[in-house]
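Naming convention: chains lettered A, B, ... in sequence-line order (proteins, then strands); numbering from 1 in each chain. Values in this document were obtained by computation on a predicted structure and should not be read as measured data.
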Amino acid sequence: MALKKSLRYVTTGSWWKSLLLALPMLLVMLVMLTGGHPDLSNNIYCAALLTTIVFFSVLFYLMLYTGRTDRYRAIGFVVAAVMFALSFITNLVSARGSMTFSNNEMLRCEIPFCHMVTTMIIIPAALKQTIIFPGQMTEGFASIGMMLVLVVGFSIVLGRGFCSWGCFYGGWDDGFSRLRRKSLVGRINDAFKWFSFAMLVYVALSAAATLSPTYCDWLCPYKTITEYEAITSTTVLIKTIVFLLLFVTLVVVLPIVTRKRIQCATFCPMGALLSLANKINIFRIRTDHSKCIGCNKCNAECPMLAMSREHEACINCSKCGRCIDACPTGALRYAIAGTRGRRHDTLARTLFLYPAFGMMVVFLGSQMLKGLMLIFKLCLTGSLI
Amino acid sequence: MNKLRNFLCYSVAAAMFFFLMSVFMFRPAYTQLMMRLPFMKVDPKFSGGQIVDTICLPDHRLYIHESVFPALFGESDEGFVQIDVVGNIDAIVDTVDYNNDGKNDFILKMSDMQFDAISIDSNPYNAYISCTTDSGFIVRVGMKNYR
């Protein structure tokens, strides 16, 4: 059994090697989450920080020790997404009194910039040399400049891997796609994966034509768990109904029914844009055809519809590792572009896990820290705000 | 040759982690670098455009932005001029020459937190949106593009 397991999963080999490899991540967490200046006088902060660090450290250790990636990634990813929504909504309610924004915030250019907007600013930025978003360039929470730096950085480091390791929305449909053990529908047509590219083209063109972020305005289902326009007219009411329906359909119902991340795989324009970055990204998922027995488990398990009929990861692979975990013969593995052979499988996987998990702990870990602080505060004081 | 290539590829992969950490740690510096790019400014449709004139009155000031006719190419048929009203006031009645051509264009009125624009020339001005700020108000006056 042990031999079979070691053939199937790429592991570090022993518990102490895994522990040694997990230690640098622990240090990164300590430095990045505290900013080098932990506020040790605040008990709630200390408890939340300790819980966050232990939680992510255990997940990273288990990833290294067991060789399973997706199982432990998903736990951190889903929990962090829920915590992000909790802390974001609570912050909004304490600052504005509700989850809604009005013309006031729009006129004052105080809307937080979300990575999704990147898809809509490309054409106006190229042709008009301006950013079509009512946000702050450098100041305030989630400024345009800072978010664009992060988006460019994430794209270079992980390509579409951001969708499974860093996106604070992705955890929602990832979580819902895991609620059932078996899909209620048969094989989903591969062609649906190209729909996100159609969405990217539509969103980029419509935003350029109207000079407004059309996806945010009309289509983004994640407004349900972040912020949305105050209902002051029939148009805004229709917008609200549309995004609520999209959330229920694409993020909740269809992922439960199909066991796929339908919103991320077929509807998210940002995912399509990051897929293009996959082309230049150094981390790949590679198939060893000499080991592949054609069982098609990778295809059935892939939540992003990214496995081809030849069992190769396509351009829209988010490097979540579910196919690697599911492969019964270990034919799939993380690899580095430009390298050959399987001698350094462990090294390749470890080199991938560091930036991928690093992105999760730093980007999502800070959200988890805030979320935990709120929960602890709620337990101690009975109030979230 | 293969070994060298493998070594280089693994080195680049290892560098990715340090690059990512640098993105997080030095993002204010990277943001400042990014701000040098020519497109890093909010579109006038949202920001209101640059302030081109200031009218100082005894109890308040009016900052008049450039007129904006948002379009991807050229100008649209309809646009607006944004006026920032700074001062702790309850009501105003001010004459505005937004394009600085020496002729008054409209009268900006405000009472009970409601703005109104009364046309002086042939352009159908209307104060269609406003909000409060820390220092006063922002109001946008819609107009036709006769340029």
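- Nearest heavy atom pair, residue I282(A) against residue M16(B), reads CG2-CG, 4.1 Å.
- Contact annotation for F73(B): only side-chain heavy atoms (C-beta onward) come within less than 4.5 Å of a heavy atom of chain A.
- F17(B) approaches M25(A) most closely through the heavy-atom pair CE1-CE, 4.4 Å.
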Output all donor-acceptor pairs under 3.5 Å across chain B and chain A; consider backbone as well as side chains.
residue, atom, partner, partner atom, Å
R5(B), NE, G338(A), O, 3.1
R5(B), NH2, G338(A), O, 3.4
K41(B), O, I131(A), N, 2.8
K41(B), NZ, Q129(A), O, 3.2
D43(B), N, I131(A), O, 2.8
D43(B), OD2, K128(A), NZ, 2.9
D43(B), OD2, T130(A), OG1, 2.6
K45(B), NZ, T210(A), O, 2.9
K45(B), NZ, L211(A), O, 3.2
T132(B), O, R108(A), NH1, 2.4

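- Counting non-hydrogen atoms of neighbouring residues, nucleotides and ligands closer than 6.0 angstrom, the CG atom of N100(B) exceeds 12 such neighbours.
- Heavy atoms of other residues, nucleotides or ligands lying less than 6.0 angstrom from CE of M40(B) number more than 12.
- Heavy atoms closer than 4.5 Å to chain A are found in the side chain of M34(B), but not in its backbone.
- Contact count versus chain B (heavy atoms, under 4.5 Å) is highest, among I144(A), V28(A), V362(A), for V362(A).
- To the nearest 0.5 Å, the span separating CG on L211(A) from CG on L72(B) amounts to 6.0 Å.
- With a 6.0 Å radius and a threshold of 12 heavy atoms from other residues, nucleotides or ligands, F19(B) has its CZ atom above the threshold.
- Looking at F352(A), neither its backbone nor its side chain comes within 4.5 Å of chain B, counting heavy atoms on both sides.
- Heavy-atom distances place both the backbone and the side chain of M359(A) under 4.5 Å from chain B.
- For chain B, no part of A356(A) is nearby; none of its heavy atoms comes within less than 4.5 Å.
- The environment of N88(B) atom CG is sparse: at most 12 non-hydrogen atoms of other residues, nucleotides or ligands sit within 6.0 angstrom.
- To the nearest 0.5 Å, the span separating CG on L20(B) from CZ on F363(A) amounts to 10.5 Å.
- Interface residue I156(A): backbone and side-chain heavy atoms are both found under 4.5 Å from chain B.
- For A15(B), no part sits under 4.5 Å from any heavy atom of chain A, backbone or side chain.
- Scanning all heavy atoms of the two residues, the minimum distance from I336(A) to C9(B) falls at CG2-O, 3.6 Å.
- Residues P213(A) and F46(B) come closest through the heavy atom pair CD-CZ, 4.0 Å.
- Every residue two or more places apart in sequence or in another chain that forms a side chain to side chain contact (heavy atoms under 4.5 Å, CB included) with I122(A) is listed here: L273(A).
- With chain A as the partner, the residue from V42(B), L37(B), V23(B), L33(B) showing the most heavy-atom pairs under 4.5 Å is V42(B).
- Of all the listed residues (G153(A), G135(A), P134(A), A337(A)), the one sharing the greatest number of non-hydrogen pairs under 4.5 Å with chain B is P134(A).
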